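So the structure is just underneath, and the comments pick up after that.
Throughout, residue positions are numbered sequentially from 1 according to the sequence presented. Remember, it's a predicted structure, so these values are computed and weren't measured experimentally.
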Amino acid sequence: MIKVSNLSKKFGDLEVLKDISFEVAKGEIVVIIGPSGTGKSTLLRCLNYLETPTAGQIHIGNVTIDAVSHKQKQVTALRQQSSFVFQNYSLFANKTALQNVAESLITVWKTPKQNALATAKEILIKVGLEDKLDVYPSQLSGGQQQRVGIARAMAAKGEVILFDEPTSALDPEWVDEVLAVMKQLAVEKQTMIVVTHEMQFAKEVADRVIFMEDGYIVEQGPPLEVFGNPQHQRTKAFVKRALKQS
């Protein structure tokens, strides 16, 4: 369902992603781990062209796009295949939780407003925010704001939800409520690609773990293998350090 081929990204002379290739099956949960500054978030942002890759191809659902020859129409089509959960929530401050979730349904999918609001309400109830429908982001906790962000991504109806360190901006007491929503999505076989430092989540929920360093995919495999018996020396060092801190 998702295929990334020979993807690279440069910022000036700095090459952040180096010949990245991987595939994700429908319903698969892939967690990307690795040191800070190694290209994980840039990779995620390239997957729906929040950042434009320097080279390579991305295929999601029924859309294939080439970095060198893409058209804006293709970028729009690609973005409709995925939705993005940001680490800093990125909600509309002047819209209620309900309006935030309904927005993409109305503007992107051209859903009639009342139908969009009804769908948004259903999703917010599903993520445990039935009592916050008419509340603005400034009145919500960080965990609640992130759950609105996830609800918005769910409403977008894409093939895959991309999570960019969804708990990194949260106080510790709010992390579990966000991870609980993500775990429920995993149970429902929602395809997800998750960049995170939450090693326990990766161990429990991922079908596959990708370890990145210095812009490369160094190693990938089931969580039991990557965490329990890593093959590459750099993976071993990272996993040992990360598990000690978690």
Side-chain angles (χ1 to χ4, degrees), residues 2 4-24 29-58 60 67 78-79 82-90 142 145-146 149-150 153 160-172 174-175 178-179 182 192-221 223 225-227 230-246:
I2 300 171
V4 178
S5 304
N6 309 113
L7 198 71
S8 67
K9 173 63 179 176
K10 288 183 177 180
F11 294 100
D13 293 332
L14 179 64
E15 191 172 20
V16 178
L17 297 177
K18 305 167 184 175
D19 199 32
I20 298 286
S21 297
F22 66 96
E23 296 186 26
V24 180
I29 292 90
V30 174
V31 174
I32 303 175
I33 62 172
S36 297
T38 200
K40 306 185 299 299
S41 291
T42 299
L43 170 58
L44 213 62
R45 292 174 69 84
C46 283
L47 292 183
N48 74 343
Y49 272 63
L50 287 171
E51 295 285 358
T52 302
T54 305
Q57 295 80 40
I58 297 170
I60 302 178
L78 184 77
R79 286 176 178 161
S82 65
S83 51
F84 206 98
V85 177
F86 300 86
Q87 56 183 293
N88 61 348
Y89 327 134
S90 292
Q145 288 187 64
Q146 193 58 292
I150 294 172
V160 58
I161 300 180
L162 309 171
F163 292 84
D164 185 14
E165 301 198 20
T167 61
S168 66
L170 298 178
D171 289 340
W174 297 330
V175 169
V178 171
L179 293 180
M182 295 172 67
M192 297 190 283
I193 303 176
V194 184
V195 170
T196 186
H197 290 291
E198 299 286 344
M199 294 300 117
Q200 197 58 41
F201 175 84
K203 289 170 72 175
E204 290 177 12
V205 178
D207 296 306
R208 180 156 45 103
V209 174
I210 292 176
F211 172 66
M212 284 183 66
E213 191 170 75
D214 295 332
Y216 293 102
I217 291 178
V218 176
E219 187 168 344
Q220 61 180 306
E225 290 181 12
V226 174
F227 289 109
Q231 299 301 300
H232 197 286
Q233 193 58 44
R234 289 193 287 180
T235 316
K236 290 178 183 177
F238 176 82
V239 166
K240 183 179 179 180
R241 186 169 62 253
L243 293 180
K244 189 180 293 184
Q245 293 170 351
S246 64

task: For Leu78 and Asn48, work out which heavy atoms get closest and say how close.
output: CD2-CA, 4.0 Å
query: So how far is it from Ile161 CD1 to Phe84 CZ, rounded to the nearest 0.5 Å?
result: 12.0 Å
query: If we ignore angles and hydrogens, is there a donor and acceptor under 3.5 Å between the side chains of Asp19 and Ser21?
result: no
- prompt: Between Glu213 and Thr38, does any side-chain donor sit less than 3.5 Å from a side-chain acceptor?
  reply: no
- prompt: In this structure, which one of Glu198, Gln87, His197 forms a side-chain hydrogen bond (donor to acceptor under 3.5 Å, both in side chains) with Ser168?
  reply: Gln87
query: Do Ile193 and Ile2 have side-chain heavy atoms sitting under 4.5 Å apart?
result: yes
query: Does Lys9 reach the main-chain N or O of Thr52 with its side chain, forming a donor-acceptor pair under 3.5 Å?
result: yes
- prompt: Can a cation-pi geometry be assigned to Lys236 and Phe238, taking NZ or CZ under 6.0 Å from the six-membered ring centre and within 45° of the ring axis?
  reply: no
- prompt: Would you say the side-chain atoms of Arg208 pair up with the backbone N or O of Gly221, donor to acceptor, closer than 3.5 Å?
  reply: no
- prompt: Between Thr54 (side chain) and Lys10 (backbone), is there a donor-acceptor pair under 3.5 Å?
  reply: yes
message: Are Leu162 and Val85 packed together at the side-chain level, in the sense that at least one heavy-atom pair is separated by less than 4.5 angstrom?
response: no
task: Quick one: closest heavy-atom pair of Ile60 and Leu47, and the distance?
output: CD1-O, 3.7 Å
query: Does Met199 reach the side chain of Ile33, with side-chain heavy atoms less than 4.5 Å apart?
result: yes
query: So, do Ile150 and Phe163 sit near enough that their side-chain heavy atoms are less than 4.5 Å apart?
result: yes
message: Using a 3.5 Å distance criterion without hydrogens, assess whether the side chain of Lys40 forms a donor-acceptor pair with backbone atoms of Gly34.
response: yes
- request: Would you sort out whether Asp214 and Arg234 count as a salt bridge (Lys or Arg N to Asp or Glu O under 4.0 Å), showing the intermediate values?
  value: CA-CA 11 Å; Asp214 295 332; Arg234 289 193 287 180; 3.1 Å; yes
- prompt: What pair of heavy atoms forms the shortest contact from Gln146 to Pro166, and how long is it?
  reply: NE2-O, 2.8 Å
message: With rounding to the nearest 0.5 angstrom, report the OH to NZ distance, Tyr216 to Lys18.
response: 4.5 Å
- prompt: Can you find a heavy atom in the side chain of Val194 that is under 4.5 Å from one in the side chain of Ile32?
  reply: no
query: Just wondering, do Pro35 and Phe211 contact through their side chains at under 4.5 Å, heavy atoms?
result: yes
- request: Say whether Thr196 and Glu165, considering side chains only, have a donor N or O and an acceptor N or O under 3.5 Å apart.
  value: no
